[in-house]
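What you see is a predicted model; the values in this text were computed from it and never measured.
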2 protein chains.
Amino acid sequence: MTKKNLIEYLEPIHSVGYLARINFRAFSKALEKLIEPHGVSAGQWRFLRVLWEHDGVTQRELCRKVGITEATGVKGIASLAAAGFVKRTIDTRDKRKIIITLTPHARTLEAKLIPMVVEVNERALEGITKKEADIVRRVLAKTYFNLTKEN
Amino acid sequence: MTKKNLIEYLEPIHSVGYLARINFRAFSKALEKLIEPHGVSAGQWRFLRVLWEHDGVTQRELCRKVGITEATGVKGIASLAAAGFVKRTIDTRDKRKIIITLTPHARTLEAKLIPMVVEVNERALEGITKKEADIVRRVLAKTYFNLTKEN
DNA sequence: ATGTAATACTTAGCTTACGAGGCTTTTGCA
DNA sequence: TGCAAAAGCCTCGTAAGCTAAGTATTACAT
């Protein structure tokens, strides 16, 4: 490992981890500005996006799809329930499970909020070709897999 | 906007923002496992990485380079100082400024910790060509710029 | 020289996230 | 059948991040 190589790792701009972090914050903040007037926080959005496509899943499954731990999910889902976006129902066949269901109000939000995330994504990807964007998504899916797979 | 296009935005895997978030967590967690035995948290690491290259900067400049707000920086730098990694000195020429300087101990950590972040990056980028990795870094720098620029 | 604006850091309060460990229910097997 | 293990959710403590508003110092225009 030469000194030059080491320097590359010290300059954050060369690190995918650093870029992931600042982009995560930037995406969140941009989205928040658009959706908060509708009473939805960025954290709540992450759950809603999954629920619009997969309503009636268990809490564990929802957390898995959102990409957070169950400990974090408990708080997030409580916040959704408090805001009147979801209902929590104990599964009758397996009383350990809690089924998360969207309220009618939360379902009506889909049509309003989706264009906003479309806008944020389009703004972010301005000046980037479809081919490049596809590479980015594929590579980031792979780095995540590489870092989280066993051993 | 067709229904098919909308679905793409609902499936998290197609969203750069989602991928950025899960990768940020994955990078942090992987790095944490390696550096915590040396008494360094992932949060502290972010500051140290900058300081190893730019020792003696002001608090504001350090925060800018780390990519966080100054409010967040106050806590992080306090934690570094409590752990004995940095010293905070008021600038004699401008008493508003606080200069952050590494302690000798923190400087010795560089040689131990850099190989660890190298390892995490190499593991993350396994099976990805240099060309693809370059595209990812360039695109993520651009999306960040696009989302944070004035307009 | 002085009052206003800008700069640099801090505080308070909130959100989102994690790990470790605990509780209840279900499952599987001796 | 009965009991240990697994599954599913929750609590607690802590970290890291943000915005908004506050304090102290310096710069600048008049």
Strictly by ring pair (Phe, Tyr, Trp, His ring centres under 6.0 Å), give each pair with a member in residues 109-140 of chain A just once, sequence neighbours left out. none
For residues 95-130 of chain B, pull every pair meeting ring pair (Phe, Tyr, Trp, His ring centres under 6.0 Å), keeping only residues two or more places apart or in separate chains. Phe85(B)-His105(B)
Rounded distance (Å) that lies between atom [atom2] of [N] and atom [atom1] of [X]:
| X | N | atom1 | atom2 | value |
| --- | --- | --- | --- | --- |
| Ile22(B) | dC18(C) | CD1 | P | 11 Å |
| Trp45(A) | dA17(C) | CH2 | P | 14 Å |
| Leu80(A) | dT16(C) | CG | C1' | 13 Å |
| Arg60(B) | dA6(C) | CZ | C1' | 9 Å |
| Ile90(B) | dT25(D) | CD1 | P | 9 Å |
| Arg93(A) | dT27(C) | CZ | P | 11 Å |
| Ile99(A) | dG8(D) | CD1 | P | 11 Å |
| Arg64(B) | dC9(C) | CZ | P | 13 Å |

Could you tell me whether Arg137(A) and Asp134(A) make a salt bridge, using a distance below 4.0 angstrom between a side-chain N and a carboxylate O?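 The answer is yes: the pair qualifies as a salt bridge.
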For nucleotides 15-23 of chain D, read 5' to 3', which letter fits each nucleotide if B means a protein heavy atom sits under 4.0 Å from the base, S means only the sugar-phosphate is that close, and - means neither? -SBBBB---
Partners of His38(A) by ring pair (Phe, Tyr, Trp, His ring centres under 6.0 Å), sequence neighbours excluded? none
So, using ring pair (Phe, Tyr, Trp, His ring centres under 6.0 Å) as the criterion, who are the partners of Tyr144(A) when residues are at least two apart?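 Tyr144(A): no ring pair (Phe, Tyr, Trp, His ring centres under 6.0 Å) contacts found.
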Nucleotide N/O of nucleotides 22-25 of chain C paired with protein N/O under 3.5 Å:
none

Look at the side-chain N and O atoms of Arg88(A) and state whether any lies under 4.0 Å from the OP1 or OP2 oxygen of dC10(D).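 Looking at the OP1 and OP2 atoms of dC10(D), one of them is under 4.0 Å from a side-chain N or O of Arg88(A).
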Across the strands shown, which category fits Thr58(B) at heavy-atom distances under 4.0 angstrom: base, sugar-phosphate, nothing? sugar-phosphate
List in chain and number order the residues that pass side-chain contact (heavy atoms from CB on, under 4.5 Å) with Lys142(A), two or more places apart in sequence or in another chain; answer none if no residue qualifies. Asn146(A), Ile128(B)
Which residues share a salt bridge (Lys or Arg N to Asp or Glu O under 4.0 Å) with Glu61(B), sequence neighbours left out: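 With neighbours one apart ignored, the set is Arg64(B), Lys65(B).
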Go through the structure and list residues passing salt bridge (Lys or Arg N to Asp or Glu O under 4.0 Å) with Asp55(A), not counting sequence neighbours.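 Asp55(A) satisfies salt bridge (Lys or Arg N to Asp or Glu O under 4.0 Å) with Arg107(A) once adjacent residues are dropped.
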Between Ser28(A) (side chain only) and Phe24(A) (backbone N and O only), is there a donor and an acceptor less than 3.5 Å apart?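 A pair under 3.5 Å: yes.
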